[in-house]
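Got a structure here, written out as structure tokens. Questions coming.
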Amino acid sequence: MVINLKQNKNFKLFKLVSAVAQQNNQSVYIVGGFVRDLLMKRQMPTDIDFVTESSGIYLAKKIAQEINPKLKVSVFKTYGTAMFKHNGLDLEFVGARKESYSEDSRKPSVETGTLEDDQKRRDFTINALAISLNKENFGELIDPFDGISDLQNKIIRTPLEPLQTYSDDPLRMMRAIRFAATLNFQIEENSLEAIKKEAERIKIVSMERIMVEFNKIMLSEKPSVGLKLMEQTGLLPLIIPELTALKGIEEVEGQTHKDNFWHTLEVVDNISKNTDNLWLRWAALLHDIGKAPTKKFDKKNGWTFHGHEFLGSKMVKNLFYRLKLPLGSDMKYVQKLVKLSSRPIALIDDGTSDSALRRLLFDSGEDLEDLFTLCKADITTKNSSKQEKFKKNFEYVAQKIKEVEEKDSIRNFQPPISGEEIMEMFNLQPSREIGILKEKVKEAILEGEITNDKEEARSFVIEEAKLLGLKIN
Ligand code: CTP
């Protein structure tokens, strides 16, 4: 089969690569994700991989020289690869390799090979497709493992015996699931079995690489597809055991609780319909992790998970640390949402007093909408009249909050009176009393004793200061 590259945006580049390779008596092919996505008519590429049956580094340098002698080429000698940027694309050149991997590392030892050797050692048949850029068969698809059928039938299959492919590079287990989840493909049966057998070997892969794949699963249209595959193959309990600990339904004295693992997957799918914010999706994934360690049964209350939001938000930090996820504002955002995840529901149950609404506004600040998005996604009941009721309740709370917000401007709460002003009023040096007075002002506003107004705050501080034995200046 010959692929018509003339229509391709990169046709000029392909012609140039072809000509330079020929001048240097080198063969050259496009391989990997670019070919797969081209055949699937998918998205704009960000990188193109080229293979030559001799030195990739030499070819990269020659091509870069031809494009622009000043182009900077990055060379990775150990891997026999070189890359440079051109027209916003990463162009990577590699010498065809036969590879063998050692038992305890992903780092391959490299030996020169033919194109077919190189295709064989790739992860999946759909990623092992090559297009020739050689003059004699320019545009010809070279597909020794019938990747084209797998593309058509939507199948993830390895070119070699699956155990060999996954054991060579265990990250491919995550990649298989990621491709299945993002492309809506099926992992072929023997492959799935091999992943189950080899799952433990994921431990030799760096957490950063695992998370790159995991986050692609989290950003897919329906993340539960990938998460279920991870659970089914045994990868999920090795990577995030806190999640699989939520699995199962216990029964005591005829009382059961819901399976919080499957519930969580539903919440993640629900939220993914409404947001592409990765960290909001993570908040959905982790919103119930505190439930396994707080689960209790007693005769009076049945099953309870007291304080699970608080414990869950504490667990987020350790989890992010272990998973090598960012520990700054993204982590704090997830912690905050996990901690507040039951508050709007509790508001409905306990009554929507203005002070409770103000407190929620204060605690959630600019993330209030996201908290609501999470809470709505958390409604997974299959009972449609209950669904309706929950949704109505939410609209009611949202409306009430809007009213309070308009009145009291709590959302981006700035204290109406500053520490410096209090120091000046009572001729104080920085001291404990100032902190106490500031806190009292905040509490009085949230409780509705005073409004968020400077003059009211001043009078309030004067009264409170008297109780502390302070005299006005
Ligand atoms: N590859 C592999 N094993 C890996 C990673 C990559 O065999 N663990 C091969 C595949 O042939 C893949 C190519 O290297 O197509 C390029 O890898 P990469 O750029 O990471 O992924 P893509 O397949 O291009 O897919 P995407 O861009 O969606 O990540």
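All ligand and atom numbering here is 1-based and tracks the order in the structure. Not measured: the values here are computed from a predicted model. FYI, the numbering just counts along the sequence from 1.
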**Asked** So which of Arg172, Arg175, Arg209 gets nearest to atom 21 (O) of ligand 1, if we judge by its closest heavy atom?
**Response**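 Residue with the shortest heavy-atom distance to the ligand atom: Arg175.
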Next on the checklist: Using heavy-atom distances only, which candidate in Val51, Asp123, Val31 approaches atom 10 (C) of ligand 1 most closely?
Outcome noted: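 The residue whose heavy atom sits nearest atom 10 (C) of ligand 1 is Asp123.
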- Task: Report, in ascending order of atom number, the atoms of ligand 1 lying under 4.0 Å from any heavy atom of Gly32.
- Result: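 Those of ligand 1 that fall under 4.0 Å from Gly32 are 15 (O).
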Checking heavy atoms under 4.0 Å, the part of Met173 that sits near ligand 1 is neither
Exercise. Does a side-chain N-to-carboxylate-O contact under 4.0 Å join Asp117 and Arg121?
Worked result: no
Looking only at heavy atoms, the pair that brings Ala60 and Ala82 closest together is CB-CB, 3.6 Å
If I compare all heavy atoms of Leu311 with all of Pro293, which pair ends up nearest, and what's the gap?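 Between these two residues, the closest heavy atoms are CD2-CG, 3.4 Å.
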Could you tell me whether Lys15 sits above the aromatic face of Phe138, with NZ or CZ closer than 6.0 angstrom to the six-membered ring centre and within 45 degrees of the axis? yes
The reported gap from CD1 in Ile195 to CE in Met173 (rounded to nearest 0.5 angstrom) is 7.0 Å
In residues 227-237, what donor-acceptor pairs under 3.5 Å come from side-chain atoms, sequence neighbours left out?
{"unit_1": "Glu231", "atom_1": "OE2", "unit_2": "Lys247", "atom_2": "NZ", "d": "2.5"}
{"unit_1": "Thr233", "atom_1": "OG1", "unit_2": "Leu229", "atom_2": "O", "d": "2.7"}
{"unit_1": "Thr233", "atom_1": "OG1", "unit_2": "Met230", "atom_2": "O", "d": "3.3"}

Under 4.0 Å from one or more heavy atoms of Asp47, ligand 1 contributes atoms 19 (O)
So if I count the atoms of ligand 1 from 1 in the order they appear, which ones are less than 4.0 Å from some heavy atom of Asp169?
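So the answer, numbered in order with elements, is 4 (C), 8 (N).
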Among the heavy atoms of Arg178, does any lie under 4.0 Å from an atom of ligand 1? yes
Here the atoms of ligand 1 under 4.0 Å from any heavy atom belonging to Lys216 are 29 (O)
Closest non-hydrogen contact found for Phe185 with Leu151 is CZ-O, 3.8 Å
* Candidate with minimal heavy-atom separation from atom 24 (O) of ligand 1, of Pro159, Gly33, Ala176 ->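 Heavy atom nearest to atom 24 (O) of ligand 1 belongs to Gly33.
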Atoms of ligand 1 under 4.0 Å from any heavy atom of Asp49, numbered from 1 in the order shown, are 13 (C), 16 (C)
Note to self: How close do Ile202 and Met174 get, counting heavy atoms only, and between which atoms?
What the structure shows: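 Closest heavy-atom pair between Ile202 and Met174: CD1-CG, 3.8 Å.
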- For Arg122, take its heavy atoms, then give the atoms of ligand 1 lying under 4.0 Å from any of them.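 So the answer, numbered in order with elements, is 7 (O), 9 (C), 10 (C), 11 (O), 13 (C), 14 (O).
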